[in-house]
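Numbered from 1 within each chain, the chains take letters A, B, ... in sequence-line order.
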Amino acid sequence: MNNFGRLGSDYSQAVLNHFDSPLNTGAIEGLEPSFSRSAAWGDELHLWLKQNSEKQVAELKWTCLGAPIVIAATSLASELVIGWRKDEVQTKLAACLLEQLELSAEQRYAALFVADAIQKAIN
Amino acid sequence: MERSRQVYLDYAATTPVDPAVAAEMLACLTADGNYANPSSDHDAGLQAAEKVELARESVAALIAASAKEITFTSGATESINMALKGAFAAYGKGADHLVTSKIEHKAVLAVADWLESTGVEVTRLMPDANGVISARQVSDALRDDTVLVSLQWVNNELGSIQPIAEIAELLKNHSARFHVDAAQAVGKIPVTVAGIDYLSLSAHKFYGPKGVGALYCSAKPRARITPVVHGAGQEAGMRSGTVPVHQVVGLGAAAEIAIKRLQADQQRIQQFSAQLCERLLELSGVTINASDASRVGNIVSASFEGVNGKALRLALRDLHLSSGSACSSAAAEPSFVLKALGLSDTLAEASLRFSLGRETSELELEYALARTHYEVKRLRQIAGWKA
């Protein structure tokens with residue numbers, strides 16, 4: 001696999017895949033987005049989140065003006081959290097993102113930031 | 001649009017060695033070539049010395065100097081160190097003054113910082129919004145104790161050309177010496193040393209090898225330096241160390257080719273550059289930095305609104321170019337040059353330097369533009385950004 005130099009090899013294949021083909025981007029019409037900004041690097045994330053009657057996440061759409069790892073983490077999270085309740089997001093999401101995206105210590109903030117933002121978006 | 005190839009657009013960082021240059025260098029390395037020490041007094045040494053002197057003449061011809069004014073060094077960084085430290089050692093009287101700018105190459109800025117730590121006062125001029133330092137600014141900064149003015153001919157990030165001839169003219173009436181870092185100018189635009197006391201250049205910026213450069217020191221009026229590297233007194237005592245014949249011959253050969261090709265290269269690259277700017281500006285929210293300055297054609301700096309700098313750079317990882325972050329830094333800092341123009345950190349980070357060269361083809365340029373358009377639009381869609 002050609003990662004196109006050091007730029008590519010700073011990231012895991014999972015990050016590159018989500019960054020190159022992110023899932024569930026865009027907005028949900030008629031819904032106000034929840035907005036978060038990362039203190040570390042100023043990444044800006046808008047989340048549109050729908051829950052079903054059992055308070056589980058039914059749909060998550062997003063836009064992000066941010067670093068590749070934040071884009072990748074949001075993309076993966078938008079699939080993972082479907083069917084999850086707020087407490088599950090709180091306890092499991094950051095760890096899942098860290099593991100599945102193989103984030104380095106320096107990239108860890110992205111998993112924490114995205115998990116926090118999604119918690120904030122859930123009623 | 002998939003990544004289907006890799007395109008080198010970082011010629012301002014370094015250029016490939018011209019095959020004709022490499023061939024001449026190779027002839028100075030092996031037993032059947034001019035490998036001898038040019039300081040030796042036997043035939044082989046004399047032959048090597050002859051090659052070195054021919055190269056000196058070629059370098060001199062490239063900048064309209066005479067051969068005796070050229071000292072070979074390991075590159076522009078060493079030349080700059082020699083000129084700045086050497087001039088202060090030769091002419092300084094203690095608490096002296098240096099005039100330079102905020103957008104110099106790190107090689108100058110770091111030496112200025114060091115000189116400051118030894119007691120030299122440093123004035124760092126701010127460029128205008130187009131990355132240009134005016135002769136007026138230099139004139140206003142001059143003091144009776146100004147020993148040296150050091151400015152670059154062409155800015156390495158923006159391509160903006162400084163009014164060197166005008167500044168040289170005004171310095172004729174002042175005792176301060178004038179050093180010009182011409183690393184990005186030589187081989188790109190006509191360079192002459194008229195009115196300049198010291199000039200630094202590097203071979204690898206114009207299709208010569210890395211690890212060799214030159215320092216010009218004017219003979220008339222004589223611009224002295226106190227040597228920085230002491231030893232066996234090679235290069236007329238200006239820079240000791242065995243002269244690397246193959247490197248020096250490579251620099252000379254690159255200079256000869258540059259003289260022959262300058263006009264044709266300039267014309268072709270200027271056309272590419274115009275095409276590049278025009279097509280980049282078809283995207284909304286794009287600024288060509290220093291666009292109102294007189295610029296070299298081979299450097300185009302563009303800033304992109306509505307995208308994150310790191311994301312843009314990763315998305316365009318098939319294009320070998322420099323971003324708006326300091327290249328040497330792992331914890332990327334926004335470019336101090338772009339910030340000096342007044343760009344925000346965010347916009348400075350979301351900037352790319354496209355630098356073109358002799359090998360750049362129409363096809364490569366087309367690919368780079370198509371990929372840039374595609375990725376900027378894609379990232380803006382992800383960001384939900386609207387102009």
When you compare the side chains of Glu157(B) and Ser335(B), does any donor N or O come within less than 3.5 Å of an acceptor on the partner? yes
Going by atom types alone, do Ser303(B) and Asn289(B) pair a side-chain donor with an acceptor below 3.5 Å? yes
Does this structure show an ion pair linking Asp20(A) with Arg317(B), if we count only N-O contacts that are shorter than 4.0 Å? yes
Determine whether the side chains of Asn298(B) and Ser355(B) contain a donor N or O and an acceptor N or O closer than 3.5 Å. no
Listed by residue number, which members of residues 359-380 of chain B have a heavy atom under 4.5 Å from any heavy atom of chain A? Arg378(B), Leu379(B)
Sorted by number, residues from residues 74-85 of chain A in contact with chain B (heavy atoms, under 4.5 Å): none
What residues of residues 86-113 of chain A sit under 4.5 Å from chain B when you count only heavy atoms? none
Any donor-acceptor pair under 3.5 Å linking the side-chain atoms of Thr14(B) with those of Lys210(B)? yes
Determine, for Tyr11(B) and Arg358(B), whether the Lys NZ or Arg CZ falls below 6.0 Å from the six-membered ring centre while staying within 45 degrees of the axis. no
Neighbours of chain B found in residues 44-73 of chain A - heavy atoms under 4.5 Å: Trp62(A), Thr63(A), Cys64(A), Leu65(A), Gly66(A), Ala67(A), Pro68(A), Ile71(A)
Go through it in stages, so that I can follow the logic: the residues are Arg353(B) and Val300(B), the test is side chain to side chain contact (heavy atoms under 4.5 Å, CB included), and I'd like the CA-CA distance, side-chain angles, deciding distance and then a yes or no. CA-CA 6 Å; Arg353(B) 179 187 70 179; Val300(B) 172; over 6 Å; no
Might you confirm whether atom CD of Glu32(A) has over 12 heavy atoms from other residues, nucleotides or ligands at distances under 6.0 Å? no
Check whether the side chains of His320(B) and Gln6(B) place a donor and an acceptor atom closer than 3.5 Å, and report yes or no. yes
